[in-house]
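See structure below.
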Amino acid sequence: MTLADIDFAQRYRQHLAAARGQPKPPQVWDQRAGELGQRAPHSRYADDFIAHMRLDGARTLLDVGCGAGALALPLAARLERVVALDYSRGMLEALSRNAQAQGLDNIQPVLRAWEDDWSDVPACDIVVASRSTVVEDMAGALAKLHAKARLRVYLTHLAGGHFIDPAIQQVVGRTRPAMPDYIYLINILHGMGIQPSLDYISVPSQLAAASGFDDYARRVARSMGGLDDDEHARLRAWYERASPQERAGAPLRWALIHWQKDGA
């Protein structure tokens with residue numbers, strides 16, 4: 001068997017089905033939009049992402065899974081037009097509020113999911129998909145990103161397969177299977193005839209910013225798909241004796257995958 005004999009798109013779908021459980025509907029992100037929209041979208045992660053980008057020759061950008069604007073807002077200040085796509089109406093409303101607050105009038109929100117028809121989504125010089133690539137059809141998603149880019153594509157996908165440190169999962173007595181790693185994407189792109197570049201972005205885990213145990217437990221529960229009473233009690237007992245570093249867990253590591261269109 002050679003690499004060409006392996007259907008990485010199918011292997012990805014099988015892995016995701018085994019690891020993910022039920023996908024999050026847009027209503028989940030609608031509910032979080034108020035919380036995220038009230039925080040400044042600026043972050044070290046966004047700074048690192050943008051630092052890896054080449055904007056030369058670009059005037060327009062498509063941000064897929066834009067959320068409240070962590071990338072769309074700073075990039076809109078440097079480009080003529082940003083098309084911001086998300087399947088959460090609440091996130092797009094938060095983005096619009098943030099854009100208005102910053103005096104930006106060149107962001108076009110588009111309510112659209114990965115699996116929807118993108119025929120009316122405009123092609124742009126650069127396409128980004130930041131932390132938004134947990135999709136059922138990875139091959140189809142990558143093809144959509146490639147088709148909509150005139151110059152370059154940048155995306156991030158989780159490296160390591162866990163949104164929460166497995167050591168902390170063990171604390172509550174339940175572990176979740178690893179999500180499909182970024183290596184699937186590399187191999188799917190290889191099968192598409194695309195040779196991407198690879199970098200990494202590491203950021204503190206979401207648990208590091210918890211304001212106290214209640215907030216910490218809420219964040220763990222969100223990542224674990226909920227906590228029962230016994231798991232919650234085990235987490236509290238461990239939290240009270242753990243150091244701040246132990247509570248934070250391992251940093252999140254994102255694979256930054258990017259490529260340039262032929263002839264660009």
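Residues: numbered from 1 along the sequence shown. What you see is a predicted model; the values in this text were computed from it and never measured.
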So do the side chains of Ile107 and Asp63 get within less than 4.5 Å of each other, counting heavy atoms only? no
Mind checking whether Leu151 and Gln260 have side chains closer than 4.5 Å, heavy atoms only? no
Arg13 side chain to Gln10 side chain, donor-acceptor N/O pair below 3.5 angstrom: yes
Does Gln100 have more than 12 heavy atoms from other residues, nucleotides or ligands lying within 6.0 Å of its CD? no
Close side-chain approach of Asp5 to Thr2, heavy-atom, < 4.5 Å: yes
Partner of His162 by side-chain hydrogen bond (donor to acceptor under 3.5 Å, both in side chains), out of Arg253, Gln169, Arg176: Gln169
Please check if the number of heavy atoms outside His190 that lie under 6.0 Å from its NE2 is greater than 12. no
Would you say the side-chain atoms of Arg44 pair up with the backbone N or O of Ser202, donor to acceptor, closer than 3.5 Å? yes
Just do the salt bridge (charged side-chain N to carboxylate O under 4.0 Å, His left out) check on Arg152 and Asp56 with the steps written out, would you? CA-CA 10 Å; Arg152 302 171 201 106; Asp56 53 292; 3.3 Å; yes
Heavy-atom closest pair, residues Ala250 and Asp165: N-OD2, 2.8 Å
Distance flag, aromatic centroids of Phe213 and His232, threshold under 6.0 Å: yes
Main-chain N/O of Gln206 paired to Arg219 side chain as donor or acceptor, under 3.5 Å: yes
Are Met224 and Leu16 co-members of a hydrophobic cluster defined by side-chain heavy atoms under 4.5 Å apart? no
Do you know the tightest heavy-atom contact between Ala141 and Val135? CB-CG2, 3.8 Å
With a 4.5 Å limit on heavy-atom distance, are the side chains of Val82 and Leu73 in contact? no
Answer yes or no: is there a side-chain heavy-atom contact under 4.5 Å between Thr60 and Arg150? yes
So, taking the atom named CG in Leu62 and the one named NZ in Lys144, what distance separates them when rounded to the nearest 0.5 Å? 11.5 Å
Do the charged groups of Asp7 and Arg11 touch, with an N to O distance under 4.0 Å? no
Look only at the side chain of Trp118 and the backbone of Ala113, and say whether a donor-acceptor pair between them is shorter than 3.5 Å. yes
Backbone N or O of Pro74 within a donor-acceptor pair of the Arg78 side chain at under 3.5 Å? no
Indicate yes or no for a side-chain donor-acceptor contact from Glu231 to the backbone of Asp228 under 3.5 Å, with no hydrogens or angles considered. yes
Consider only side-chain heavy atoms of I, L, V, M, F, W and Y, link residues closer than 4.5 Å, and tell whether Leu252 and Tyr216 are in one cluster. no
To the nearest 0.5 Å, tell me how far Leu198 CG sits from Leu185 CG. 10.5 Å
Looking at side-chain heavy atoms only, is the closest gap between Leu71 and Tyr154 below 4.5 Å? no
Spacing of His157 atom NE2 and Ile186 atom CD1 [to the nearest 0.5 Å]: 10.5 Å
Under 3.5 Å, is there a donor-acceptor pair between the Tyr182 and Thr133 side chains? no
One should read off an interatomic distance between Ile126 CD1 and Lys261 NZ, to the nearest 0.5 angstrom, of 12.5 Å
Approximate separation, where rounding is to 0.5 Å, of Trp254 CH2 and Leu158 CG: 5.0 Å
Under 3.5 Å, side chain of Asp181 to main-chain N/O of Gly160, donor-acceptor pair present? yes
Main chain of Cys124, side chain of Lys148: is a donor-acceptor contact present, judged purely on distance under 3.5 Å? no
Shortest non-hydrogen contact from Ala46 to Ser43? N-OG, 3.0 Å
is_close_aromatic(Tyr184, His15), centroid dist under 6.0 Å: yes
If two hydrophobic side chains count as joined below 4.5 Å and joins carry through other members, does Phe163 share a cluster with Met138? yes
Would you say Val203 ends up clustered with Ile164 if hydrophobic residues are merged whenever their side chains have heavy atoms under 4.5 Å apart, either directly or through other cluster members? no
Check step by step if side chain to side chain contact (heavy atoms under 4.5 Å, CB included) holds for Leu155 and Trp259. CA-CA 9 Å; Leu155 67 86; Trp259 66 93; 3.9 Å; yes
Are the side chain of Asn98 and the backbone of Ala68 linked by a donor-acceptor contact shorter than 3.5 Å? yes
Are any of the side-chain heavy atoms of Tyr45 and Thr156 separated by less than 4.5 Å? yes
Report the C-alpha separation of Val83 and Cys66 in whole Å, then their side-chain angles, then the decisive distance to 0.1 Å, and conclude whether the side chain to side chain contact (heavy atoms under 4.5 Å, CB included) test is met. CA-CA 9 Å; Val83 179; Cys66 61; over 6 Å; no
State plainly whether the residues Asp215 and Arg218 are in salt-bridge range, i.e. N to O under 4.0 Å. yes
Determine whether His146 and Leu142 satisfy the following criterion, side chain to side chain contact (heavy atoms under 4.5 Å, CB included), listing intermediate values before the conclusion. CA-CA 6 Å; His146 188 70; Leu142 293 173; over 6 Å; no
Can you name the nearest heavy-atom pair linking Ala242 to Arg247, along with the distance? O-NE, 3.3 Å
Give a yes or no on this: more than 12 heavy atoms of other residues, nucleotides or ligands lie within 6.0 Å of atom CG of Asp120. yes
So, Ser88 versus Asp86: side-chain donor-acceptor pair below 3.5 Å or not? no
Do you know the tightest heavy-atom contact between Leu95 and Ala84? CD2-CB, 3.3 Å
Please report the shortest heavy-atom distance between Ala19 and Ala178, naming the atom on each side. CB-O, 3.2 Å
Close side-chain approach of Val128 and Met53, heavy atoms under 4.5 Å: yes
Decide side chain to side chain contact (heavy atoms under 4.5 Å, CB included) for Tyr12 and Asn187; before the verdict, give the C-alpha distance in whole Å, the side-chain angles of both, and the deciding distance to 0.1 Å. CA-CA 10 Å; Tyr12 168 88; Asn187 284 303; over 6 Å; no
Point-to-point distance, once rounded to the nearest 0.5 Å, from OH of Tyr239 to CG of Asp214: 9.0 Å
